[in-house]
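Computed over heavy atoms, backbone and side chain alike; hydrogens, waters and symmetry mates excluded. In what follows, chains carry the letters A, B, and so on, assigned in the order in which the sequence lines appear, proteins first and then strands, with residues in each chain numbered from 1.
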There are 2 protein chains.
Amino acid sequence: MDKRKFKNDVYGELAKVTKALANPHRMEIIDLLAQGPYPVEAIASHTGMTIANTSQHLQSMKSARLVQDTRHGNFIHYHLTSEKVFNAWRSIRELGIHSNAEVERLMQDYRRGHHSMEPISTDQLLKKLASNEVVVLDVRPEEEYQRGHIHKALSIPIDQLNMRIHDLSETKEIIAYCRGPLCVFADEAVELLRGKGFNANRMEEGFPDWAAMGLPVDTIHSKI
Amino acid sequence: MDKRKFKNDVYGELAKVTKALANPHRMEIIDLLAQGPYPVEAIASHTGMTIANTSQHLQSMKSARLVQDTRHGNFIHYHLTSEKVFNAWRSIRELGIHSNAEVERLMQDYRRGHHSMEPISTDQLLKKLASNEVVVLDVRPEEEYQRGHIHKALSIPIDQLNMRIHDLSETKEIIAYCRGPLCVFADEAVELLRGKGFNANRMEEGFPDWAAMGLPVDTIHSKI
DNA sequence: TTATTATTCAATAAATCTATTGAATACTTG
DNA sequence: CAAGTATTCAATAGATTTATTGAATAATAA
């Protein structure tokens, strides 16, 4: 009866892949790499980890084939191995966000402290886009906007928003988006904009979700 | 900057959920519970674990809200909390089966030892069903068939197949299916049937996948 | 070549996970 | 109520995971 051995082996391998995903830091890394490739130092500073610790986590994800690396001169850039990795992370995130009371509470509490508005969905944004009465605002770093953004979106990275606020229409509704539902750039943008009297809200999902759903995307050829 | 705390908390909670999934035994339990509720003893005997160990794993899945329990007299039946749990497991399984070389090798090796045929997909079965030249064979336990099965499928549990083999047409193609791609009942059925000269193959996915895709399903009202 | 930069490795300690054992609990039946 | 059954709990030891530290690599620049 090597049926038992077969099952132990296969479920064992699948558990290894899942364990490589099952860590708060590594999940945050996946959310970042869903925007495109980044070198170790950038990943470390974004997640608030030390370089050595980040490297160690990247190594464990690499040996589980969740990520791959390519060298560019001195830098080693990491990227997700396939869109299947992002899809798996997405469905886990979905499970957590929409059926785990603790996660729901954390997210609502955080938003209540900032702008206390229900975010809109990709579907809702798609409808608003057709009406032309809305400005879609990408508040991620410029580099990520260039690699790909929602069709017709305007780019103002969150740390330039206060300076460049007069680029924005005061009459149209503004929908900000960023890296994903756990990214707070869009929340910060909404808080700032509403404080100045704009009619602003955030989209719940991020750019990678929009792209994964096959919705319209624009790209600016980047130097990297 | 409680932005960092927010992220640590949310990713931390999501990691807990994922860790509750990231174990070979617990994955096998999810595959079983995707067929419907089962008491602890049945889960233990199916997975070859001790009762105490099974109970401990079920408790950890329960506290991560992957499963829930309901008491029926002396027995406590466990079931998946929502179809989101199955979907998350499915997309991880997908990632493993289709982009992990080791898992691919294990599955091919196992099948080569049995019937050495590429399984057919749900799509392919759907097309064949229309032609009426195919018999769909459910080889799971009777109880699971009664809770729900592929439209028009015939039920012969794998351990009765040798006895009841004359119920089957020798001219039509026979497509066997079972609990999922990691379940071997259908492989055993194909091996037995081909040994007796039948034209048989297995469907890659299992009943829960078929149902999750919204494909046609029949149910027999069960006593439970 | 040497110095510099980005990343990885190795060693360690604390924390967590797992299987096993046997005792404890909770419900049902007589 | 007592006896029986199904499940959980508690304690333990071995294995695995994690963050930290400082040293080691590998490519580039001077």
Between [options], spot the one nearest the side chain of [X], thanks.
| X | options | result |
| --- | --- | --- |
| A:N74 | C:dT28, C:dA6, C:dT7 | C:dA6 |
| A:H57 | D:dT8, D:dA19, C:dT7 | D:dA19 |
| B:R71 | C:dT8, C:dA26, C:dA19 | C:dA26 |
| B:A52 | C:dG22, C:dT8, D:dT7 | C:dG22 |
| A:N23 | D:dT18, C:dC9, D:dC9 | D:dT18 |

Integer-rounded Å distance: [N] [atom2] and [X] [atom1]:
| X | N | atom1 | atom2 | answer |
| --- | --- | --- | --- | --- |
| B:K16 | C:dT16 | NZ | C1' | 13 Å |
| B:I51 | C:dA19 | CD1 | C1' | 15 Å |
| B:E28 | C:dT18 | CD | C1' | 16 Å |
| A:N8 | C:dT18 | CG | P | 15 Å |
| A:F75 | C:dT5 | CZ | P | 11 Å |
| B:H77 | C:dC27 | NE2 | C1' | 13 Å |
| A:I76 | D:dT28 | CD1 | P | 11 Å |
| B:R26 | C:dT16 | CZ | C1' | 12 Å |

Any side-chain N or O of B:H25 under 4.0 Å from OP1/OP2 of C:dA19? yes

5' priority, DNA chain D, between A:M49 and B:Y78 [closest heavy atom]: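 Comparing both residues, the 5'-ward one is B:Y78.
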
Whichever of A:G73 and A:K19 has its nearest DNA chain D nucleotide further upstream toward 5': A:K19

So what does B:Q59 hit on the nucleic acid, given a heavy-atom distance under 4.0 Å: a base, only sugar-phosphate, or nothing?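 Sugar-phosphate, backbone atoms only, no base.
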
Between the side chains of B:R93 and B:D209, is the shortest nitrogen-to-carboxylate-oxygen separation below 4.0 Å, so that they form an ion pair? yes

Could A:K152 and A:D218 be called an ion pair, given the rule that one side-chain N must be under 4.0 Å from one carboxylate O? no

A cation-pi test, strictly: NZ or CZ of A:R4 under 6.0 Å from the centre of the six-membered ring of A:Y11 and no more than 45 degrees from its axis. Yes or no?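 Judged by the rule, A:R4 and A:Y11 form no cation-pi pair.
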
State, to 0.1 Å, how close B:K62 and B:D69 come at their nearest heavy-atom pair, and which atoms those are.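 Heavy atoms of B:K62 and B:D69 come nearest at NZ-OD2, 3.3 Å.
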
Any donor and acceptor pair, going by atom type alone, linking the side chain of B:D2 with main-chain N or O of B:K5 inside 3.5 Å?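 Between the backbone of B:K5 and the side chain of B:D2 there is no qualifying donor-acceptor contact (under 3.5 Å).
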
